[in-house]
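In what follows, a single structure is set out as structure tokens and then discussed.
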Amino acid sequence: MFKKILIANRGEIACRVIRTAKNLGVKTVAVYSDADRSALHVELADEAVHIGASPVSESYLLKENIIAAALSTGAEAVHPGYGFLSENPDFVDAVEAAGLIFIGPSAASIRAMGLKDAAKALMEKAKVPVVPGYHGDMQEPGFLAAKANEIGFPVLIKARAGGGGKGMRRVNDARDFSSALASCRSEARSSFGDDRVLLEKYILNPRHIEVQVFGDNHGNVVHLYERDCSLQRRHQKVIEEAPAPGMTAEMREAMTSAAVTAAKAINYSGAGTIEFIVDGANGLRPDGFWFMEMNTRLQVEHPVTELITGLDLVEWQLRVASGEPLPLQQDDIGIEGHAFEARLYAEDVPKGFLPAIGTLEHLSFAPDARIDTGVVEKSIISPFYDPMIAKIIFHGKDRSDALDGLYAALRHTQVAGTVTNKDFLANLTRHQGFASGIVDTGLIERDIDQLTNSTKITREVIAIAALISLLDVPKSSGSDPYSLIGAFSLWGATNNTIYMKYAGEAIRVDVLSVNGNDYECLVAGENIFMPQCSIMCRHDASGKPVYKFSSGNKTELAYARWPNHVAIFDESLTSTFEIPDPLVQAGAQGAGSDLIISPMPGLVKKVTAIAGANVGKGDSLIVLEAMKMEHTLVAPRDGVLAEVNVREGDQVIDGAVLVALLPAAEEGKTP
């Protein structure tokens, strides 16, 4: 076994590898960028080396800096995690040329599966079923359009070097093929430096089922059963589970045998995943699945496999890379129970799942779930990396038990300081079709309105926010949690007016103290009586203070408070209020429908807006790239463009005014 390894990654996967390494007595070296100086993986590792600036191209993708860090610290091997350089064969060659061991497959294996078109040809030769389509070298748009017509719509355009849902477009009609191809190529070029694509027949009722495989350097290959990753949006996985619902013994034998055959065809060593597209129209059938691609690394969703098999996949990676044979043979590997994983992200679901940023002012997880995370309270979600907060994983005796456990874990997860997809994930766990095991990759898109229909805030919660802002007044001195709690007015009636903002809308609450700790709150014309109000401090199992509001109407409602904000946690709903400083006049009016504002920090990839031009509602004006995904900003109404404030290549901040339309009253005039 190794004595010291370097982890060429960040975030939750770096923390995950460190955890297993510590259990095995292996020392770890972390690498970090400017933005990650105070990151959790840096704190957990035995050593840490700075490798560059915040952008990934100036840090985590710099092969020479990572290898230099490994050599200078005496590391024997490099674990790539997932993403970044994990599937880069040139990095593997460089690691080995430096006299280090790469904890993963050989460069030859990665190259064999790295390009989807070549991988499909290889799988056809190995008699592994592949999806009908075109994966040749001819890339002329007219030729590809003709091939798409031959295959038959709908078709899927996929970047040949893609992954993570990037560089993929579904095309339902031949008239949309040209624009979809251009968009796909642009995203692929930005993400992978390769704009070549392949075409596949789009399966109308598809499921995404993958098989975890593991090989060693002694010719052994086993499978660790399957995972169902069909719950996706924009081709990115949202909730994964193992085993797959509805799986039959016959289907499992066919899929796992095909997966092992695929791995053996490239002499595979280490952890890998064979991904299949499955026709779920008439149940799972041995003749209804096709090879899609192979991920030659550890998967984000590997914990569900660990929980149903009782194995540690990172430990297996380290043992295999150090020269040991596989710890178990196929007959020794079984399944127990069911497991789910939900990916908790900082993203604004109502705004189309736009990635978000912010400081995690409050962070708390359910104690009985497995939490894989790379952040802690006060960590910053930056615009430079994937905005994952945590993977919430739950194992139960069967699928229903595991799904109920995941829902409860999501309900008890508390995040404040940034918007998240937590409510969306909770809604998914309660979706009737998903709960019954009826799932395909189009489920989220079909039922998006139902799944994103957030619970409306109640006037009682508004009243509670006002009372918290009044009663819990931070003091400048004292470290005791109780010193943060403001005093009550015990005698006589006092009046206070609290001004707040919720979801950008101004709210006024008039609070009357009627009898000690009894209050009347006037909210939008409704008088809400809040008796026996108090604020208390509890401590969780780790000793962390937890603040709660209690009244005769609502018992111990948890909340978080930080400058000019309060967040209230009620069941699965998190309500965050801005409480402006009464001495500061914000004065900024809403932009209305005359301004197109950047919804996030990002890079301007394309500008089609021209000052003075007429536009129609829905016309594309700006293409913004954030976290390797492209987002199109469109005209909010018909009108005339007055100003265009950005050019292609500009970096913009959240809230920047990109384009302005002439006010409606002035249209028809020359701008």
Plane angle bin for F340 and F434 - parallel if under 30°, tilted between 30 and 60°, otherwise perpendicular: perpendicular
Run the side chain to side chain donor-acceptor pair (under 3.5 Å) check on E347 and T420 step by step: do they pass? CA-CA 5 Å; E347 61 183 8; T420 76; over 6 Å; no
Flag yes if more than 12 heavy atoms outside K544 fall under 6.0 Å of its NZ atom; otherwise flag no. yes
Contacts of D650 meeting salt bridge (Lys or Arg N to Asp or Glu O under 4.0 Å) (sequence neighbours excluded), chain-then-number -> none
side-chain hydrogen bond (donor to acceptor under 3.5 Å, both in side chains) test vs T273 passes for just one of R297, R227, E210, namely R227
Does the pair E43/R37 count as a salt bridge with the N-to-O cut at 4.0 Å? no
Using 30° and 60° as the class boundaries, would you call the ring planes of Y385 and Y60 parallel, tilted or perpendicular? perpendicular
Hey, are T574 and Q414 close enough side-chain-wise for a donor-acceptor pair under 3.5 Å? no
Hey, do the aromatic rings of Y502 and F577 have their centres closer than 6.0 Å? yes
Please name all residues satisfying side chain to side chain contact (heavy atoms under 4.5 Å, CB included) with R343, sequence neighbours left out, ordered by chain then number. K237, E240, V300, E301, E341, Y345, M388
Could you tell me if the ring centre of Y407 sits under 6.0 Å from that of F394? no
Pairing of D386 and R10 as salt bridge, 4.0 angstrom limit: no
For D34 and H50, run side chain to side chain donor-acceptor pair (under 3.5 Å): C-alpha distance rounded to whole Å, both residues' side-chain angles, the deciding distance at 0.1 Å, then the answer. CA-CA 8 Å; D34 287 347; H50 178 252; 2.6 Å; yes
Report the distance from atom CD1 of I528 to atom CD1 of I462, rounding to the nearest 0.5 Å. 7.5 Å
Ion pair check, E648 and K606, cut-off under 4.0 Å: no
Salt bridge (charged side-chain N to carboxylate O under 4.0 Å, His left out) between E361 and K378, intermediate numbers included: CA-CA 5 Å; E361 300 289 353; K378 302 302 180 182; 2.6 Å; yes
Determine whether L307 and V304 satisfy the following criterion, side-chain contact (heavy atoms from CB on, under 4.5 Å), listing intermediate values before the conclusion. CA-CA 5 Å; L307 290 180; V304 294; 5.8 Å; no
Answer yes if the ring centres of H362 and F569 are under 6.0 angstrom apart, and no otherwise. yes
Would you call the rings of W562 and H565 parallel, tilted or perpendicular, where under 30° means parallel and over 60° means perpendicular? parallel
D510/R508 salt bridge by N-O under 4.0 Å criterion: yes
Can we say R234 and E445 salt-bridge, meaning some charged N sits less than 4.0 Å from an Asp/Glu carboxylate O? no
Checking R370 now: which residues fulfil salt bridge (Lys or Arg N to Asp or Glu O under 4.0 Å) with it, not counting sequence neighbours? E306, D372
